[in-house]
A.B. asks: 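Attaching a single structure in structure tokens format; questions to follow.
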Amino acid sequence: MSNRIIFEKDFFMVYKGLFQLNGLKKTDKMTYIYLSSICHYASKNSYAKLKDLNYLFGITRPTFKKVSYRLEQVGLVEQIAGGNDFYLCHRDDLHLKGNYFFMHYSILRSTRITPRQKLIYSFLLSWASNQEKVTEVSMKTIAKNCAVRDDKKLRDDINILVSCGLITRNLKRKIYKGNLQYDKYQYHILKIPDGFFKESDKEIVEEIYVELEKGNQSTTEWDDIFGSYTQ
């Protein structure tokens, strides 16, 4: 099975600029992730099914109207004929380290984690390095970029992502003027646990991770697969 077939079936791409734009609410970010998951990449076109959006992220029809307006105002989507049909856009004025990150459909569809937790997980994915899947980021930065409060609920959400086996978290320490101080948390994105997949998906996913661990896919090869989408 080719890498193109594996990735087009199991992963979708999300524009990293989503987490750099001010003025968006968490429902806006969740909706954009959903639109990315159903995007036809050749045309960059998504047709929103509000029943699916409500099931995945709890977003209602009245909320969706406000969300789509805000997404259009910041240049992430272009609404077609005032309906539920959208072009997905990306902005050239943002300084991004790679335009997109990959998210697995099993996370999007999972009922094991909440919509908020899916959003937090996607932000950590967007900041993680391509190869090591590691990022160091403060709670304040997570809260700001996910449009949630830096409070106990955020820490509970992250603890659930850890307990589900999606990430690990380590508190970094440093010595400053002879004193031990705590710094940012380091997060490592883990291989998605089998419990997030249907039995029929496991063999395909295992093949993906084996190839990634071998390092068989260079940056050039990934560009060959998705080059037209990342220019």
Side-chain angles (χ1 to χ4, degrees), residues 7 10-22 24-26 28-30 32-34 36-37 56-57 94-176 180-197 205-206 208-213 215 217 219 222:
F7 272 87
D10 294 293
F11 290 86
F12 62 94
M13 297 188 298
V14 183
Y15 178 51
K16 288 185 177 182
L18 170 67
F19 293 110
Q20 287 200 8
L21 296 171
N22 297 322
L24 292 177
K25 299 179 181 295
K26 63 178 183 291
D28 305 341
K29 297 171 189 284
M30 291 172 182
Y32 188 82
I33 291 170
Y34 163 73
S36 299
S37 76
L56 294 171
F57 289 109
L94 301 177
H95 300 289
L96 304 173
K97 215 172 181 181
N99 282 334
Y100 296 90
F101 65 94
F102 292 103
M103 189 166 176
H104 202 283
Y105 282 105
S106 65
I107 302 298
L108 179 76
R109 297 167 182 157
S110 177
T111 57
R112 297 184 63 187
I113 56 177
T114 67
R116 266 178 57 110
Q117 291 156 12
K118 294 174 187 177
L119 179 62
I120 294 165
Y121 177 79
S122 66
F123 169 70
L124 294 175
L125 267 180
S126 75
W127 273 46
S129 59
N130 289 332
Q131 295 299 325
E132 295 82 8
K133 293 299 178 189
V134 172
T135 184
E136 292 183 14
V137 60
S138 67
M139 286 289 182
K140 182 178 180 180
T141 300
I142 295 174
K144 177 182 177 183
N145 285 274
C146 293
V148 299
R149 292 182 178 179
D150 181 4
D151 58 10
K152 181 180 181 298
K153 188 173 182 181
L154 174 58
R155 286 153 180 76
D156 290 342
D157 286 333
I158 291 175
N159 286 338
I160 289 174
L161 294 176
V162 172
S163 66
C164 285
L166 290 172
I167 63 173
T168 60
R169 178 186 59 184
N170 294 300
L171 184 58
K172 302 291 288 183
R173 300 176 179 86
K174 64 180 181 180
I175 303 295
Y176 180 73
L180 179 64
Q181 294 185 341
Y182 293 102
D183 199 10
K184 301 174 182 177
Y185 279 104
Q186 183 184 76
Y187 298 91
H188 181 203
I189 309 297
L190 300 177
K191 174 180 174 181
I192 300 172
D194 285 349
F196 281 85
F197 300 103
V205 174
E206 186 62 34
I208 295 171
Y209 281 106
V210 166
E211 293 302 312
L212 288 174
E213 288 168 2
Q217 288 78 19
T219 302
W222 292 132

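Note that this is a predicted model, so its numbers are computed, not measured.
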A.B. asks: Within the structure provided, determine whether Leu166 and Pro193 are in side-chain contact (heavy-atom separation under 4.5 Å).
C.D. replies: yes
A.B. asks: Where is the tightest heavy-atom contact between Ile189 and Ala128, given as atom of each residue plus distance?
C.D. replies: CG1-CB, 4.0 Å
A.B. asks: Is the Lys NZ or Arg CZ of Lys16 less than 6.0 Å from the centre of Tyr100's six-membered ring, within 45° of the axis?
C.D. replies: no
A.B. asks: Would you say Lys118 and Phe57 make side-chain contact, with heavy atoms under 4.5 Å?
C.D. replies: yes
A.B. asks: How about Ile167 and His188: do any of their side-chain heavy atoms sit closer than 4.5 Å?
C.D. replies: no
A.B. asks: Is any side-chain heavy atom of Phe12 closer than 4.5 Å to one of Leu108?
C.D. replies: yes
A.B. asks: So, Glu132 side chain and Ser129 main chain: donor-acceptor pair closer than 3.5 Å or not?
C.D. replies: no
A.B. asks: Apply side-chain hydrogen bond (donor to acceptor under 3.5 Å, both in side chains) to Thr168 and list each qualifying residue two or more places apart in sequence or on a separate chain.
C.D. replies: none
A.B. asks: Could you walk me through whether Val137 and Tyr185 satisfy the side-chain contact (heavy atoms from CB on, under 4.5 Å) test, starting with their C-alpha distance in whole Å, then the side-chain angles of each, then the deciding distance to 0.1 Å, before giving a yes or no?
C.D. replies: CA-CA 6 Å; Val137 60; Tyr185 279 104; over 6 Å; no
A.B. asks: Parallel, tilted or perpendicular: which one describes the rings of Phe11 and Phe102, with boundaries at 30° and 60°?
C.D. replies: perpendicular
A.B. asks: Keeping to residues at least two apart or across chains, list the ring pair (Phe, Tyr, Trp, His ring centres under 6.0 Å) pairs with something in residues 126-160.
C.D. replies: Phe123-Trp127
A.B. asks: On a heavy-atom basis, which atom in Ile160 and which in Gln117 lie closest, and how many Å separate them?
C.D. replies: CD1-NE2, 3.3 Å
A.B. asks: Tell me the closest heavy-atom pair linking Tyr105 and Ser37, and the distance in Å.
C.D. replies: OH-O, 2.7 Å
A.B. asks: Kindly compute the distance separating CG (Asn170) from CD (Gln186), expressed to the nearest 0.5 Å.
C.D. replies: 6.0 Å
A.B. asks: Tell me, please, which residues at least two apart from Asn145 pass side-chain hydrogen bond (donor to acceptor under 3.5 Å, both in side chains).
C.D. replies: none
A.B. asks: Just jot down the side-chain hydrogen bond (donor to acceptor under 3.5 Å, both in side chains) partners of Asn159, sequence neighbours excluded, or say none.
C.D. replies: Arg169
A.B. asks: Sequence neighbours left out, what passes side-chain hydrogen bond (donor to acceptor under 3.5 Å, both in side chains) with Arg112? Give chain and number order.
C.D. replies: none
A.B. asks: Measure the CG-CD1 distance between Leu124 and Ile142 for me, rounded to the nearest 0.5 Å.
C.D. replies: 5.0 Å
A.B. asks: Between Phe19 and Phe101, is there a side-chain heavy-atom distance shorter than 4.5 Å?
C.D. replies: yes
A.B. asks: Looking at Tyr32, is its backbone amide N or carbonyl O close enough to the side chain of Ser36 to form a donor-acceptor pair, meaning the two atoms are under 3.5 Å apart?
C.D. replies: yes
A.B. asks: Check the pair Lys144, Asp150 against salt bridge (Lys or Arg N to Asp or Glu O under 4.0 Å), reporting the backbone distance first and the verdict last.
C.D. replies: CA-CA 8 Å; Lys144 177 182 177 183; Asp150 181 4; over 6 Å; no
A.B. asks: So how far is it from Arg109 CZ to Phe196 CZ, rounded to the nearest 0.5 Å?
C.D. replies: 14.0 Å
A.B. asks: Within the structure provided, determine whether Leu154 and Ile120 are in side-chain contact (heavy-atom separation under 4.5 Å).
C.D. replies: yes
A.B. asks: Salt bridge or not for Asp157 and Lys153, using N-O below 4.0 Å?
C.D. replies: no
A.B. asks: Answer yes or no: is there a side-chain heavy-atom contact under 4.5 Å between Leu18 and Ile33?
C.D. replies: yes
A.B. asks: With Lys26, which residues qualify under side-chain contact (heavy atoms from CB on, under 4.5 Å), at least two apart?
C.D. replies: Met30, Arg116, Leu119, Ala147, Val148
A.B. asks: Does the side chain of Ser106 reach to within under 4.5 Å of the side chain of Ile192, using non-hydrogen atoms?
C.D. replies: yes
A.B. asks: With rounding to the nearest 0.5 angstrom, report the OG to CG distance, Ser163 to Asp156.
C.D. replies: 10.5 Å
